[in-house]
Protein chains: 2
Amino acid sequence: MAQDRNTEELIIEAAKKIFITRGLAGARMQDIADEAGINKAMLHYYYRSKDKLFEIVFNEAIGKVIGRLGMVLNQQMPLLEKIPAIIDNYIDGIMEAPYLPMFVLNEINQQPEMFVQRLKSQQHFPNVLQFMKDIVDAGKQGTIREVSPVQLFLNIVSLCVFPFIGRPIAQGILQLDNVQYNMVMEDRKKVVTEVIFAWIKV
Amino acid sequence: MAQDRNTEELIIEAAKKIFITRGLAGARMQDIADEAGINKAMLHYYYRSKDKLFEIVFNEAIGKVIGRLGMVLNQQMPLLEKIPAIIDNYIDGIMEAPYLPMFVLNEINQQPEMFVQRLKSQQHFPNVLQFMKDIVDAGKQGTIREVSPVQLFLNIVSLCVFPFIGRPIAQGILQLDNVQYNMVMEDRKKVVTEVIFAWIKV
DNA sequence: TTTTGTATTAACCAAATGGTTAAATCAATT
DNA sequence: AATTGATTTAACCATTTGGTTAATACAAAA
């Protein structure tokens with residue numbers, strides 16, 4: 001099973017799967033090796049230690065989670081077009097890897113210190129400050145209602161992310177099956193945009 | 001250090017602290033014992049196994065997280081009063097124990113099967129179906145706009161919960177210190193109510 | 001005071017776990 | 001074919017970890 005692709009990649013793929021589903025503390029090196037179909041020693045041969053391997057997986061994950069946000073945020077575009085663009089793009093990103101936000105959030109909660117450093121060195125670090133300035137300006141201009149830019153940012157992200165990280169509990173409470181919940185998620189982009197615009201429209 | 005209170009309670013308190021901060025996989029029985037200031041054997045003497053102890057902590061946690069929601073949801077009250085009541089009450093609950101939702105959500109993601117059973121046997125199981133029926137009725141009556149009750153529910157919960165579970169990352173991106181972020185959370189009740197009403201008002 | 005049942009502890013145990021190593025395999029080079 | 005360097009593996013190691021046990025401390029009842 002091992003020879004098909006590059007062993008290094010094979011390990012990373014397996015590590016992603018195990019770390020993301022079980023977390024750093026719950027992941028077992030043996031399970032990663034099994035998943036990759038190789039000997040456990042290879043993990044250390046290529047990546048030294050569990051922590052080193054985890055760091056690679058985590059960095060890529062956080063890049064995807066906040067990077068996607070930053071990409072749209074930094075684009076030059078009128079605010080009233082940018083907001084739906086952010087929502088569409090961000091929900092698309094989450095749907096591609098619905099388990100990533102939970103993984104990232106949880107590991108960050110486990111060690112916030114290590115994270116803060118990493119965040120600022122992140123190339124995709126979202127330039128939120130500019131975005132918030134735009135919101136304030138638009139408010140003064142009367143393009144939108146004058147709202148707290150921080151609250152607006154939190155609202156957008158909350159509405160986009162939570163339905164995915166809270167999926168098991170929400171699905172349980174709402175008593176929906178997978179197919180039904182998927183349909184609800186399909187509508188999300190439209191709904192979130194609607195909600196945000198209802199709140200900020202003059 | 002052990003004699004002050006009942007040893008059993010002492011253990012539960014310590015177990016809560018350790019399990020909630022580190023999760024099931026990351027928690028160490030020795031750490032719980034140390035936290036309680038007692039011998040590790042006492043944990044097994046009173047609660048058999050790590051899993052049994054965890055179950056107690058987890059059940060209480062999930063009770064708080066979804067129970068609080070159910071309490072308000074099941075109250076007899078006009079919809080337009082009930083929605084702000086839900087929001088106020090739920091955010092109050094989260095602020096009392098901001099780490100609980102993350103803990104519950106994460107552990108549920110780890111073993112969704114075990115959870116689904118527990119959910120239905122939960123005494124505080126929120127009667128969301130009735131609440132959703134009320135929303136549909138109110139829509140038809142014209143009290144509110146006709147919106148998907150499922151989406152409304154998701155919106156409320158998302159806006160309330162996410163800013164707390166995503167706090168480290170949000171605070172990092174927004175570059176706010178603890179005091180500033182606390183102030184933002186203070187305003188949350190008002191903002192969430194505002195957003196929801198803006199969306200559902202006719 | 002003695003007895004008796006409960007609470008508590010130190011020492012211990014077996015399994016799991018991250019990590020290492022020495023030998024073996026493989027592939028390219030000479 | 002022989003050499004050489006990288007890759008891979010089985011076996012091993014030290015530590016950690018959940019759990020047990022036998023002996024002890026303690027408190028209430030007799």
Side-chain angles (χ1 to χ4, degrees), chain A residues 1-61 103 106-107 109-111 113-114, chain B residues 1-61 103 106-107 109-111 113-115 118:
Chain A
M1 297 242 161
Q3 293 84 332
D4 322 28
R5 267 195 289 168
N6 190 358
T7 304
E8 264 165 286
E9 282 181 38
L10 223 58
I11 293 174
I12 292 293
E13 286 312 305
K16 274 187 205 166
K17 180 165 177 185
I18 300 296
F19 277 132
I20 289 170
T21 53
R22 306 232 244 284
L24 172 59
R28 298 288 159 254
M29 292 297 266
Q30 188 60 60
D31 291 344
I32 296 175
D34 291 348
E35 177 71 31
I38 55 165
N39 191 282
K40 180 164 68 88
M42 298 306 287
L43 306 182
H44 296 97
Y45 180 74
Y46 283 108
Y47 299 101
R48 294 283 288 249
S49 69
K50 188 185 183 186
D51 285 324
K52 288 274 194 329
L53 188 52
F54 174 79
E55 206 179 319
I56 293 170
V57 172
F58 180 76
N59 277 340
E60 196 190 313
F103 168 67
N106 191 52
E107 297 299 336
N109 267 11
Q110 229 74 155
Q111 8 190 328
E113 339 73 52
M114 164 185 140
Chain B
M1 295 243 164
Q3 294 83 334
D4 322 28
R5 267 194 288 167
N6 190 359
T7 304
E8 264 164 287
E9 282 181 38
L10 223 58
I11 292 174
I12 292 293
E13 286 312 305
K16 274 188 206 166
K17 180 165 177 186
I18 300 296
F19 277 131
I20 288 170
T21 52
R22 305 230 243 286
L24 172 58
R28 299 288 159 252
M29 292 297 267
Q30 188 60 60
D31 291 343
I32 295 175
D34 291 348
E35 178 71 33
I38 55 165
N39 190 284
K40 180 165 68 90
M42 298 306 287
L43 306 182
H44 297 97
Y45 180 74
Y46 283 109
Y47 299 100
R48 295 281 289 250
S49 69
K50 187 186 183 184
D51 285 324
K52 288 275 197 323
L53 188 52
F54 174 79
E55 208 180 317
I56 294 170
V57 173
F58 180 75
N59 278 339
E60 197 190 311
F103 167 67
N106 191 52
E107 297 298 336
N109 267 10
Q110 229 75 152
Q111 9 191 330
E113 338 74 52
M114 164 185 139
F115 154 72
R118 198 185 312 289

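Chain letters run A, B, ... following the sequence lines, proteins first and then strands; every chain starts at 1.
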Scoring nucleotides 18-27 of chain C by protein non-hydrogen atoms under 4.0 Å (B base, S sugar-phosphate only, - none) yields BBBB------
Rounded interatomic separation in angstrom, taking [atom1] from [X] and [atom2] from [N]:
X      : N       : atom1 : atom2 : result
E8(B)  : dT6(C)  : CD    : P     : 13 Å
Y45(B) : dA22(D) : OH    : C1'   : 14 Å
Y46(B) : dG19(D) : OH    : P     : 18 Å
D34(A) : dT9(D)  : CG    : C1'   : 14 Å
M42(A) : dT7(D)  : CE    : P     : 8 Å

The nucleotide from dT9(D), dT9(C), dT8(C) with an atom nearest the side chain of I38(B) is dT9(C)
Does K16(A) reach the main-chain N or O of A61(A) with its side chain, forming a donor-acceptor pair under 3.5 Å?
no
Within the distance-only criterion (no hydrogens, no angle test), does the side chain of Q110(B) pair as donor or acceptor with the backbone N or O of T21(A) below 3.5 angstrom?
yes
Would you say T7(A) places a side-chain N or O within less than 4.0 Å of OP1 or OP2 belonging to dT7(D)?
no
L53(A) side chain near I32(A) side chain, heavy-atom distance below 4.5 Å
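In short, these two side chains touch, coming nearer than 4.5 Å.
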Check whether any side-chain heavy atom of E107(B) lies under 4.5 Å from a side-chain heavy atom of F19(B), and answer yes or no.
no
From CG (N106(A)) to CG (N106(B)), nearest 0.5 Å:
3.5 Å
Could you go through residues 36-49 of chain B and list every donor-acceptor pair under 3.5 Å that involves a side-chain atom there, pairing it with any protein atom two or more places apart or in another chain?
{"from": "N39(B)", "atom 1": "OD1", "to": "A41(B)", "atom 2": "N", "distance (Å)": "2.8"}
{"from": "Y47(B)", "atom 1": "OH", "to": "E8(B)", "atom 2": "O", "distance (Å)": "3.1"}
{"from": "S49(B)", "atom 1": "OG", "to": "K52(B)", "atom 2": "N", "distance (Å)": "3.2"}

